[in-house]
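The shown structure was predicted, so the numbers you read here are calculated from the model rather than taken from an experiment. Protein chains get the first letters and strands the later ones, always in sequence-line order, with residue 1 at the start of each.
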There are 2 protein chains.
Amino acid sequence: MSSKENAADQSAAGPGSPSPKAPERAHPVTLREVAEAAGVSTATVSLVVNKKKDARIAEETRQRVKDAIRALGYRPNAMAKTLVSGTSKFIGLVADGVATTPFAGQIIHGAQDEAWKHGYALLIANTEGNSELERDAISMMLEYKVRGILYSTWFHRQTDVPAPLREADFVLVNCFSSEQGARAVVPDEVQGGRSATEILLAHGHRRIAFINATIPAPAKDGRLQGYRKALENAGIPFDPDLVMEAYPDQEGGYLATAGLLKRGASAVYCYNDRMAMGLYDGLREQGLSIPDDMAVVGFDNQEVIAAHLRPPLSTVALPHYELGAAGVRMLLGIDAAAEGPARIHCPPVERASVQVRAHA
Amino acid sequence: MSSKENAADQSAAGPGSPSPKAPERAHPVTLREVAEAAGVSTATVSLVVNKKKDARIAEETRQRVKDAIRALGYRPNAMAKTLVSGTSKFIGLVADGVATTPFAGQIIHGAQDEAWKHGYALLIANTEGNSELERDAISMMLEYKVRGILYSTWFHRQTDVPAPLREADFVLVNCFSSEQGARAVVPDEVQGGRSATEILLAHGHRRIAFINATIPAPAKDGRLQGYRKALENAGIPFDPDLVMEAYPDQEGGYLATAGLLKRGASAVYCYNDRMAMGLYDGLREQGLSIPDDMAVVGFDNQEVIAAHLRPPLSTVALPHYELGAAGVRMLLGIDAAAEGPARIHCPPVERASVQVRAHA
DNA sequence: CTGAAAGCGCTAACAT
DNA sequence: ATGTTAGCGCTTTCAG
């Protein structure tokens with residue numbers, strides 16, 4: 001018929017032919033068809049399908065309906081259901097970078113698990129920071145009548161709430177806003193910084209250096225603050241000379257080696273694991289051993305790095321999974337929102353880069 | 001009234017009070033309301049909203065409708081639209097591990113971008129390999145009338161097609177099945193292995209070791225096959241003694257050092273980057289330098305590792321992003337499905353772990 | 001060029 | 001204990 005030949009004989013082929021790649025979609029069975037097959041009304045089928053407790057259906061009828069459902073391979077149409085109820089079982093997740101960082105995926109993962117637990121499905125959109133994409137994504141979610149939207153960023157930072165987001169119930173994840181009533185969950189950087197430092201303190205170190213990041217961020221301030229708190233709790237005076245700064249990656253850590261060694265510290269807490277990885281190289285180059293010559297802790301618990309350096313790196317985990325999960329809980333009102341962002345605990349992870357020593 | 005006091009005054013507060021955390025959801029404006037506001041019928045509004053080309057609407061009317069839409073803040077209800085059309089603008093992505101591997105997220109990312117490009121949104125479900133969860137996830141997607149489902153695994157492997165998946169249009173991503181007509185996209189391991197080896201060949205190496213994985217997988221076979229092909233093309237006889245096996249992580253690579261050095265190779269191609277990372281440590285311990293004493297290439301292009309080792313590691317990238325994107329294209333019929341899985345190119349990435357040498 | 005009306009598949013009163 | 005019926009918000013003939 002048409003000018004396209006190759007498609008023709010495929011569809012013309014008999015029902016028995018398992019043609020290589022043709023997906024054969026079929027009949028969407030409806031409630032009514034099930035009702036007819038079972039010889040009951042649609043209302044009855046609906047009651048059976050939804051297992052309504054208060055509805056009394058004769059066991060015999062129920063069975064007949066169930067059989068019909070199975071026989072026809074009925075699937076409820078969630079769209080129709082949603083149309084009636086007005087709100088879907090979707091939670092939207094708008095992320096500015098699924099790609100950018102290896103653990104950004106954990107936010108999705110946590111959100112997905114938690115959402116699922118409460119009967120919700122996750123609708124995701126990656127905006128790569130493009131604000132036009134962002135508006136479109138939010139619009140789409142609004143049109144699908146999502147229960148709410150999680151707006152997440154790949155690194156902890158302050159953000160503006162995009163206007164259309166306000167039309168939905170939303171929670172900021174891994175970011176926060178100065179805006180009135182914007183609920184948010186973020187990692188507890190201060191506690192994390194304290195925990196990192198305390199790992200070192202617990203092993204008897206007193207002269208602990210901190211290589212902070214050069215670039216401004218809530219993490220930079222929070223982790224330093226945590227470091228100071230830990231020292232304070234331990235009765236050790238803060239020595240500004242022990243705080244250095246470096247670009248927060250392997251190269252930065254490597255380059256910080258010389259400066260660190262000048263300061264005569266016995267232990268160092270690095271802003272992140274990547275920095276620690278670079279520092280490992282630097283120390284090794286000097287013939288120094290970890291943890292004997294220098295105990296090291298990182299931050300982030302970036303699995304591929306931290307767990308597999310030689311020796312494995314003690315660090316503090318960024319709770320991305322928990323951020324996603326907590327975001328969902330807050331959205332659904334399971335976790336109450338407090339004043340200001342909820343701070344999620346960053347659990348310390350001890351590994352061999354810090355060793356037991358005689359306590360001071 | 002109730003025993004709970006704290007919730008009471010919030011809801012009782014006047015409309016003007018910006019209470020800290022109360023999300024105030026409001027009016028779902030409908031098509032009809034817009035129609036009434038604009039003094040036209042719902043049909044007209046529908047035509048305007050959907051920019052139907054063939055419908056002639058007086059410019060004046062169109063404007064009136066648009067104004068009403070803006071004034072009321074109208075959002076189309078995608079559920080209702082879907083109900084009418086029968087199929088949604090969703091593509092489902094079922095993954096067995098968003099969490100497990102740092103780059104699994106890239107599949108999501110690629111799928112999301114490509115889906116979006118064609119007007120589809122991604123609905124994701126993480127099953128963590130749990131087959132009950134998997135069934136539920138697929139059911140849910142079916143109920144939401146997804147356009148199709150991408151079924152993906154976090155490492156390249158053979159898989160069984162879960163029964164309910166067959167009810168949908170589906171494509172396997174990063175996995176494949178022996179089943180008739182199951183479309184699939186997988187990485188081209190053979191080409192990847194060849195490219196990895198060719199990087200070394202191009203730099204004049206003739207005696208190239210390959211540390212393969214101990215655990216069976218398509219990657220294990222394919223990468224070896226690629227290695228052999230590359231040698232063959234270069235006219236170098238295959239020497240089985242140069243092929244070793246180790247557990248594919250840092251520890252495995254480290255432990256393989258001694259065996260490697262015994263073999264007198266000038267270059268080594270590791271099954272993956274993690275292994276290469278361990279090997280770096282082993283070589284360094286022997287006081288050997290990369291690439292002068294030993295040129296190294298890895299596989300996977302695991303960013304946090306490969307780009308930041310000292311020296312940066314040459315490797316071959318696993319095209320996860322492309323896998324996701326290609327999966328979507330195949331699902332939508334944009335890329336035709338061939339016989340057998342589509343193989344996606346694994347691009348080589350050259351870094352300093354291989355250096356220019358005099359050609360043989 | 002625009003309005004009226006019939007559903008899409010389902011749920012939820014309200015009848016029986 | 002089950003059937004009837006009226007929509008949910010939208011698209012789409014079919015009339016005017």
Side-chain angles (χ1 to χ4, degrees), chain A residues 25-66 68-69 72-90 139-140 142-147, chain B residues 26-66 68-69 72-90 139-140 142-146:
Chain A
R25 225 71 358 264
H27 69 150
V29 182
T30 70
L31 237 206
R32 192 193 337 268
E33 296 178 83
V34 174
E36 280 164 7
V40 297
S41 76
T42 61
T44 304
V45 179
S46 176
L47 292 179
V48 172
V49 169
N50 298 319
K51 302 188 180 55
K52 290 286 181 188
K53 280 304 185 184
D54 47 350
R56 299 144 211 299
I57 308 284
E59 195 45 52
E60 190 263 335
T61 313
R62 182 190 304 278
Q63 201 48 55
R64 203 142 34 85
V65 172
K66 281 186 172 174
I69 288 176
L72 299 182
Y74 169 72
R75 293 261 182 213
N77 183 328
M79 295 296 178
K81 196 180 298 198
T82 300
L83 221 211
V84 174
S85 74
T87 156
S88 77
K89 284 301 208 171
F90 288 138
S139 288
M140 175 234 105
L142 257 15
E143 293 178 12
Y144 276 104
K145 302 295 176 218
V146 294
R147 172 49 231 282
Chain B
H27 69 151
V29 180
T30 71
L31 238 207
R32 190 192 338 267
E33 295 178 85
V34 174
E36 280 165 6
V40 298
S41 77
T42 60
T44 304
V45 179
S46 176
L47 293 179
V48 171
V49 169
N50 298 318
K51 302 187 179 58
K52 289 285 180 189
K53 280 304 187 184
D54 46 350
R56 300 141 210 300
I57 306 284
E59 195 45 52
E60 191 263 335
T61 312
R62 182 188 304 278
Q63 202 48 55
R64 205 142 33 86
V65 172
K66 281 186 171 173
I69 289 176
L72 299 182
Y74 169 71
R75 293 261 181 213
N77 182 329
M79 296 295 176
K81 196 180 301 197
T82 300
L83 219 211
V84 174
S85 75
T87 157
S88 77
K89 283 302 207 171
F90 288 139
S139 288
M140 174 234 107
L142 256 16
E143 293 177 12
Y144 276 105
K145 303 294 176 218
V146 294

_Check: A:Thr30 main-chain N/O paired with A:Glu33 side-chain donor or acceptor under 3.5 Å_ = yes

_Whether the side chain of B:Thr42 engages the backbone of B:Arg32 through a donor-acceptor N/O pair (distance < 3.5 Å, no angle test) should be reported._
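Absent.
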
*When all nucleic acid strands are considered with a 4.0 Å heavy-atom cut-off, which category describes B:Val49: base, sugar-phosphate, or nothing?*
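Result for B:Val49 = nothing.
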
*asked:* Just to be sure I understand the rule, does A:Val84 reach a base, reach only the sugar-phosphate, or reach nothing, if contact means heavy atoms closer than 4.0 Å?
replied: base

Any idea which of [options] is nearest the [X] side chain?
X       : options                : value
A:Ala43 : D:dT2, D:dT11, C:dA13  : C:dA13
B:Ala58 : C:dC1, D:dT2, C:dG3    : C:dC1
A:Ser46 : D:dC10, C:dT11, C:dC10 : C:dT11
A:Ile57 : C:dG7, D:dT5, D:dT2    : D:dT2
A:Thr42 : D:dC10, C:dT11, C:dG3  : C:dT11
A:Thr44 : D:dT11, D:dT2, C:dC8   : D:dT2
A:Lys81 : C:dC8, D:dG3, C:dC10   : C:dC10

Interatomic distance where [atom1] belongs to [X] and [atom2] belongs to [N] [whole Å]:
X        : N      : atom1 : atom2 : value
A:Ile69  : C:dG9  : CD1   : P     : 16 Å
A:Leu142 : D:dG9  : CG    : P     : 15 Å
A:Arg62  : D:dT2  : CZ    : C1'   : 13 Å
B:Glu143 : C:dC8  : CD    : P     : 20 Å
A:Arg75  : C:dC10 : CZ    : P     : 13 Å
B:Met79  : D:dT11 : CE    : P     : 14 Å
B:Glu36  : D:dG9  : CD    : P     : 12 Å
A:Glu33  : C:dC8  : CD    : C1'   : 13 Å

*Where is the tightest heavy-atom contact between A:Val40 and A:Arg64, given as atom of each residue plus distance?*
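Minimum heavy-atom separation between A:Val40 and A:Arg64: CG1-NH1, 4.1 Å.
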
Given [N], is OP1 or OP2 found less than 4.0 Å from the side-chain N or O atoms of [X]?
X        : N     : value
B:Thr61  : C:dT2 : yes
B:Tyr144 : C:dG9 : no
B:Asn77  : D:dC8 : no
A:Thr30  : C:dG9 : no

*Could you grab the distance from atom CG of A:Leu31 to atom CD of A:Glu36, nearest 0.5 Å is fine?*
11.0 Å

_With rounding to the nearest 0.5 angstrom, report the CG to CE distance, A:Leu83 to B:Met79._
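Going from the CG atom of A:Leu83 to the CE atom of B:Met79 covers 8.5 Å.
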
*asked:* Out of the candidates A:Val49, A:Val48, A:Asn50, only one should pair with A:Ser46 under the side chain to side chain contact (heavy atoms under 4.5 Å, CB included) rule; please name it.
replied: A:Asn50

*asked:* Here's a test of your reading of the structure: between B:Glu60 and A:Arg32, which maps to the more 5' nucleotide of DNA chain C?
replied: B:Glu60

*Tell me which of B:Leu83 and B:Arg64 sits closer to the 5' end of DNA chain C, going by the nucleotide each one is nearest to.*
B:Arg64

*Would you indicate whether the side-chain heavy atoms of B:Tyr144 and A:Thr82 approach each other to under 4.5 Å?*
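They are in side-chain contact.
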
*Hey, what's the ring geometry for A:Phe90 with B:Phe90, parallel, tilted or perpendicular (30° and 60° as the breaks)?*
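Plane angle over 60°, so perpendicular.
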
*For the helix from C:dC1-D:dG16 to C:dT16-D:dA1, how many degrees between its two end axes (five pairs per end), to the nearest 10°?*
40°

